[in-house]
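Computed over heavy atoms, backbone and side chain alike; hydrogens, waters and symmetry mates excluded. For ligands, and for the atoms within them, numbers begin at 1 and follow the listed sequence.
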Amino acid sequence: MKLLHLSDLHIGKTVNDFSMIEDQAYQLERVADLVTEKRIDAVLVAGDVYDRSVPGEEAVKLLDHFLSRIHAAGAELFIISGNHDSEERLNFGSSLFETSQIHISAKYNGSITKRTMHDEFGAVNFYLLPFVKASQVKHFYPDAQIQTYEDAVRCALAHSEIDCSQRNILLAHQFVTGAGADPRTGGSESAAALCVGTVEKVGADCFCDFDYVALGHIHSPQKVARETVRYSGSLLKYSFREVNDSKTAPLVTLFEKGQTDIELVPLKPLREMRHLKGKMRQLLENVSDPDDYIYVTLTDEEPISNVMHIFRQYYPNTMQIMYDNAHTEVTSETVQGEAAEEKTFEQLFSDFYRAMYGCGISSEELALITELSV
Ligand SMILES: [Mn+2]
């Protein structure tokens, strides 16, 4: 049996004011093509289907189209909610979708949804655990000792009667750590995922009953503790910190119990996200793939006026321009070297201005800001 693992689609997301919808539509078309080409039996979507709890029209239309394409390709579809999804909205139509082999579990109701498929080696059980906080599980098991997210996940799994002689797959959307090591974040996760306390962490050893664990939440693709506990990573690069990631989807082939093969299938986007660093003149002399999403670090010593306007004539999808030059280096040293409380308002504001713009504030601007501050 072949499974394709996706997560963190974040349909409807904007990055630096650029709508990602066209890129997401393209990427989901490629995924649907892949399902046909590779004869995938089931597609797993491990949460953060939408970017917002109230998705926009285009986002809803795109998910609708994706569901029909996967269904037409003959694969079953398993979807859980992530922390970005609204439980109720993602659940819409789910009981009716069941008749079309589309299984959505967006809301924890005291037991984990289980669905079973069969192949020549027997049964494969899919457990769909939507994103849960400790309090949501505690609500159904008030007598259980549940303080952390790990307690919650353990309690939910303990009430699932897992038959370990069969093959078992889990979908979950949590911050999962392996042997004390945190997963490497991509940078476009929500603040909740980027700075987690020990309460929110779930140890990968909770999942020893599962032959494959399809995780969502962390946007960089990676395994956690073992090859068969994985974050697929987000559908696309959604932040500057992800420019060097290559996005992939794990294609998991299940043979008899205990034999699992994983291939990471590259997902080539409509537009790449890239980081260019150098002097403006140099960068604009060698323009390639102008439709890509571009982050720029300029090493020019003098600030360039209208620099975004200039770059967008060559790279219309320029997302952000930063400076890295002698001024910015001096700034970071100054800020670290001197205590803020010993500085006057004018000095502090001048430092701030330099940190933001990479150059000194003019005396006219400083006079104006001083006047406004009193
Ligand atoms: Mn996410």
**Q.** Presence of salt bridge, K237 and D245, under 4.0 angstrom
**A.** no
Q.
Using 30° and 60° as the class boundaries, would you call the ring planes of H219 and Y238 parallel, tilted or perpendicular?
A. perpendicular
(Q) Could you identify the N, O or S atom of D8 positioned closest to the Mn ion (ligand 1)? (A) OD1
Q: Return the set of residues passing side chain to side chain donor-acceptor pair (under 3.5 Å) with S350 (not counting sequence neighbours), or none when no residue passes.
A: none
Q. Is there a side-chain contact between L34 and L251, using heavy atoms and a 4.5 Å cut-off?
A. no
Q.
Restricting to N/O/S atoms, is E189 within less than 2.8 Å of the Mn ion (ligand 1) or not?
A. no
Q: Could you tell me whether any N, O or S atom belonging to H10 is less than 2.8 Å from the Mn ion (ligand 1)?
A: yes
Q. Does any donor atom in the side chain of N125 or T116 lie under 3.5 Å from an acceptor atom in the other side chain?
A. yes
Q. Is the Mn ion (ligand 1) under 2.8 Å from any N, O or S atom of H84?
A. no
(Q) If you round to 10 degrees, what value do you get for the angle at the Mn ion (ligand 1) between H219 atom NE2 and D48 atom OD2? (A) 180°
